[in-house]
Each structure stands twice: as C-alpha cells, then as structure tokens.
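Reading through the structure tokens given below for one structure.
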Amino acid sequence: MVSSTVQQIAQQNDQFRQGNPNVPGQRFITMGINELLKQHEVDGDDIMRMVSEFNVFTDDNDPYGEHDFGSFEFGGKKCFWKIDYYDLNYQGGSDDPSDLSKTNRVLTIMLADEY
C-alpha cells in the first residue's frame, strides 16, 4: 500500500508536470531533445504537452509510486522525463520532497540514450 506521503508527492509531481505554478521548480530539455525538436521543426510545447499528459504509471516505470519518471516516443526516438527533488537553493537534495516550502523540483526531458 502506498503511504499518504508518497501519494502527496505523486500528486505534487503530477501538478508540477502539468504546469501548476504552486509547485515550485524548473523544467529543462537536453541538447538531444533540442536537436530532435529542430529536426522536426517544432517547438518545445509539443514535448511538454506529451509530458504533462503522461499517465501510464506502472510498477515497472514507477516502482515507488511518486510519478517521477516516464517514457514516450517522439519523432521516432524513445524519450524519458525525470523529476528530481532539490533544496530551495538547488545545492542538494530535499530532505522532505512532500514539503513545498523546502523543495524545488527539476523536470528533465531527455533522449533515452542520454540517461
């Protein structure tokens, strides 16, 4: 059974991916994703929409139930997204990812071979 803290983290991660400004953090794409977007002549909105709409969480891709990782296909390439938890200064990990007053999230979207 998933604890209430893990459920809270999963909900916050879903909100963050979907652009909720009340869940603080930053979003990044890697150079590989940037090149893929250029090759297909699209901007980052398409890839961000795919990440924000992702909802296929399984024991294989979400073993801890935090909704902090996903994979998808884009432009014929396998891509990943990952959320990490940092302290407010982005100097180290957050000691309580469920506490929004102590945690900044970082969402990174990358090609699978960049992981």
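Residue numbers count from 1 along this sequence.
Under a 3.5 Å cut-off, the side chain of D62 and the backbone N or O of E66 do form a donor-acceptor pair. Without hydrogens or angle criteria, D99 side chain to S101 main chain gives a donor-acceptor distance under 3.5 Å. Side chain of E114 to main chain of G32: a donor-acceptor pair is present (N/O by atom type, distance under 3.5 Å, no hydrogens or angles). Side chain of N61 to backbone of V56: a donor-acceptor contact under 3.5 angstrom is found. Side-chain N or O atoms of R27 include one that pairs as donor or acceptor with a backbone N or O of F16 at under 3.5 Å. With hydrogens and angles disregarded, a donor-acceptor distance shorter than 3.5 Å links the side chain of R17 to the backbone of V51.
Looking only at side-chain heavy atoms (C-beta outward), D87 and T103 stay at 4.5 Å or farther from each other. The side-chain heavy atoms of Y86 and Q91, taken from C-beta on, include no pair separated by under 4.5 Å. Between Q8 and Q12 the shortest side-chain heavy-atom distance falls below 4.5 Å. Under the 4.5 Å side-chain criterion, counting only non-hydrogen atoms from C-beta, Q18 is in contact with D14. Annotation: side chain of S71 is in contact with side chain of K78 (closest heavy-atom distance under 4.5 Å). Two residues are said to be in side-chain contact when any heavy atoms from C-beta on lie closer than 4.5 Å; N104 and Y85 fail this criterion. The side-chain heavy atoms of I109 and F28, taken from C-beta on, include no pair separated by under 4.5 Å.
Smallest separation of non-hydrogen atoms from G44 and L37: CA-CD1, 3.8 Å. The two residues C79 and I33 have their closest heavy-atom pair at SG-CD1, 3.8 Å. Here the closest non-hydrogen pair linking G65 and A10 is O-CB, 3.3 Å. The two residues D96 and K102 make their nearest non-hydrogen contact at CB-CD, 4.3 Å.
Here D68 pairs with K82 in a salt bridge; the nearest charged N to carboxylate O distance falls below 4.0 Å.
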- Just do the ring-ring contact (aromatic ring centres under 6.0 Å, His included) check on F54 and F72 with the steps written out, would you? CA-CA 8 Å; F54 184 90; F72 61 97; 7.5 Å; no
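There is a path of hydrophobic side-chain contacts, each under 4.5 Å, that joins W81 to V42.
Side-chain contact, Q26 with R105: no donor N or O sits under 3.5 Å from an acceptor N or O.
Under the 30°/60° scheme for interplanar angles, the aromatic rings of H67 and F57 are found to lie parallel.
Among S98, S3, S4, the one residue that satisfies the side-chain contact (heavy atoms from CB on, under 4.5 Å) test with I9 is S98.
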